Participant: 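This structure is in structure tokens; I'll ask about it shortly.
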Amino acid sequence: MYKKEKHSASKKNIVLIGFMGVGKTTVGQMIATKLKREFIDIDQYIEQTYHMSIPQIFEQKGEPYFRKLERKTVIDICQHHYNNIVSLGGGAFQQKEIREFCLENCLVLYLDISWESWKARFELINENRPVLNNRSLYDIQQLFNERKHAYSMHHLKINTDNKSPEEVTASIIEALQDN
Ligand SMILES: Nc1ncnc2c1ncn2[C@@H]1O[C@H](COP(=O)(O)OP(=O)(O)O)[C@@H](O)[C@H]1O
Ligand SMILES: O=C(O)C1=C[C@@H](OP(=O)(O)O)[C@@H](O)[C@H](O)C1
Ligand SMILES: [Mg+2]
């Protein structure tokens, strides 16, 4: 866990990280509503700005191009917005530049999930996530484990197992109050 300044959550952007499908987009929106802050989902922002869906960007431009847009977008948004809730895509924290920027300037909140719980959600999230296409469940589990290292760099962690999005949101609000 990284050290954070006291009361930092009251002014810094709160950035949600975690594996695909853990609930960053869903819960991010709910926290923003509860805390009366603006919500920005980086993938949705990229789709609106570049008039292409994430699968289209991967298919037509390739993953490295997407990662470049992702890096530029996360850093631009976090530099120019204040006090917002920002949900990243699940691969963003693999990029050192994004990780370092967010850990230095934002409150990084990691939504954790066990592999067992994640597997039960697989059918629900398989569509529209190009990184999961053509990967076996075994390969996805490898990716799930590989990404834990980047996610271990955070300020606050919330376990989401057996919790509804509303319950995850309530746990986050409580953790932020103690923060
Ligand atoms: N705590 C939860 N319990 C059950 N389903 C959830 C939970 N959080 C999110 N979901 C569902 O899982 C799917 C992926 O959620 P999403 O917010 O898009 O995740 P992410 O942005 O982390 O990829 C959605 O269908 C959402 O309704
Ligand atoms: O983990 C990844 O590499 C990705 C996760 C997706 O976001 P979610 O985590 O919101 O699904 C999206 O950014 C893109 O499909 C790539
Ligand atoms: Mg998302």
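Note that ligands are numbered from 1 as they come in the structure, with each ligand's atoms numbered from 1 the same way. None of the values given here were measured: they were computed from a predicted structure.
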Participant: Name the option, out of K24, R147, Q44, that contains the heavy atom nearest to atom 9 (O) of ligand 2.
Facilitator: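 Heavy atom nearest to atom 9 (O) of ligand 2 belongs to K24.
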Participant: Report yes if some N/O of V168 lies less than 3.5 Å from some N/O of ligand 1; otherwise report no.
Facilitator: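 Checking ligand 1 against V168, no N or O pair falls under 3.5 Å apart.
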Participant: Counting heavy atoms only, which of S87, G18, G23 comes nearest to atom 19 (O) of ligand 1?
Facilitator: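 Checking each option, the heavy atom nearest atom 19 (O) of ligand 1 is found in G23.
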Participant: If you count every heavy atom of other residues, nucleotides or ligands that lies below 6.0 Å from Q60 atom CD, does the total exceed 12?
Facilitator: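 Yes, the 6.0 Å shell around CD holds more than 12 heavy atoms from other groups.
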Participant: Tell me which one of I42, L111, T26 gets a heavy atom nearest to atom 17 (O) of ligand 1.
Facilitator: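 Result: the heavy atom closest to atom 17 (O) of ligand 1 is in T26.
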Participant: Around atom CZ of F122, are there more than 12 heavy atoms of other residues, nucleotides or ligands at under 6.0 Å?
Facilitator: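 Yes - once you tally the heavy atoms of other residues, nucleotides and ligands closer than 6.0 Å, there are more than 12.
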Participant: Against ligand 1, does L124 come closer than 4.0 Å with any heavy atom?
Facilitator: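 The answer is yes, since L124 has a heavy atom less than 4.0 Å from ligand 1.
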Participant: With respect to atom 4 (C) of ligand 1, which of R121, Q44, R129 exhibits the smallest heavy-atom separation?
Facilitator: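 Closest candidate by heavy-atom distance is R121.
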Participant: Output yes when the distance from some N or O of ligand 2 to some N or O of L88 is under 3.5 Å, and no in every other case.
Facilitator: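 It does not: no N or O of L88 is found under 3.5 Å from an N or O of ligand 2.
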Participant: If you count every heavy atom of other residues, nucleotides or ligands that lies below 6.0 Å from K163 atom NZ, does the total exceed 12?
Facilitator: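 Check passes, neighbour count above 12.
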Participant: Judged on heavy-atom distance to atom 15 (O) of ligand 2, which of I54, T26, D41 sits nearest?
Facilitator: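 That would be I54.
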Participant: Give a yes or no on whether Q44 atom CD has more than 12 heavy-atom contacts from other residues, nucleotides or ligands under 6.0 Å away.
Facilitator: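 Yes, CD of Q44 has more than 12 neighbouring heavy atoms, counting only those of other groups under 6.0 Å.
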Participant: At less than 4.0 angstrom from any non-hydrogen atom of G91, what atoms of ligand 2 do you find?
Facilitator: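 Listed by number with element, the hits are 1 (O), 2 (C), 3 (O), 4 (C).
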Participant: Which atoms form the tightest heavy-atom contact between T49 and Y45, and what is the distance?
Facilitator: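 Looking at all heavy atoms of both residues, the closest pair is OG1-O, 2.6 Å.
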Participant: Would you say N134 has more than 12 foreign heavy atoms packed within less than 6.0 Å of its CG?
Facilitator: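 Incorrect, the count does not exceed 12.
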Participant: Please identify which atoms of ligand 2 are closer than 4.0 Å to at least one heavy atom of R129.
Facilitator: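 Numbered from 1, ligand 2 contributes 11 (O).
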Participant: Test of understanding: given a 4.0 Å heavy-atom threshold, classify the contact between R67 and ligand 2 as side chain, backbone, both, or neither.
Facilitator: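 Near ligand 2, R67 shows its side chain, while the N, CA, C and O stay back.
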Participant: Does ligand 1 have any atom sitting under 4.0 Å from a heavy atom of G90?
Facilitator: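 G90 does not count as a contact of ligand 1 under the 4.0 Å cut-off.
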Participant: Check whether any side-chain heavy atom of T33 lies under 4.5 Å from a side-chain heavy atom of T169, and answer yes or no.
Facilitator: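 When only atoms from C-beta onward are counted, T169 and T33 do not touch, as no gap falls below 4.5 Å.
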Participant: Which ligand 2 atoms does P130 reach within 4.0 Å, using its non-hydrogen atoms?
Facilitator: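 Result: 15 (O).
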Participant: Are more than 12 heavy atoms from other residues, nucleotides or ligands located less than 6.0 Å from atom CD of Q142?
Facilitator: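 Yes, enclosed.
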Participant: When you look for heavy atoms under 4.0 Å from ligand 1, do you find them on the side chain of M20, its backbone, both, or neither?
Facilitator: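 The answer is the backbone of M20.
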Participant: Which atoms of ligand 1 sit under 4.0 Å from any heavy atom of K163?
Facilitator: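 The list of qualifying atoms is 1 (N), 2 (C), 3 (N).
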Participant: Give the atoms of ligand 1, by number and element, whose distance to some non-hydrogen atom of I125 is under 4.0 Å.
Facilitator: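 Selected atoms, number and element: 13 (C), 14 (C).
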Participant: What is the distance from atom NE2 of H155 to atom CG of L103, rounded to the nearest 0.5 Å?
Facilitator: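 Atom-to-atom, H155:NE2 and L103:CG are 5.0 Å apart.
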Participant: More than 12 foreign heavy atoms under 6.0 Å from CD of Q79: is that the case here?
Facilitator: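 Yes, because the 6.0 Å sphere around CD of Q79 holds more than 12 heavy atoms from other groups.
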Participant: Is it true that, when you exclude Q141 itself, more than 12 heavy atoms of the residues, nucleotides or ligands shown sit nearer than 6.0 Å to its CD?
Facilitator: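 Yes - once you tally the heavy atoms of other residues, nucleotides and ligands closer than 6.0 Å, there are more than 12.
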Participant: Who's the nearest protein heavy-atom neighbour of atom 7 (O) of ligand 2, and how far?
Facilitator: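 The answer is D43 OD2, 2.9 Å.
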Participant: I'd like to know: is the Mg ion (ligand 3) within the 2.8 Å range of an N/O/S atom from T26, strictly under that distance?
Facilitator: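 Of the N, O and S atoms in T26, none lies under 2.8 Å from the Mg ion (ligand 3), which means no.
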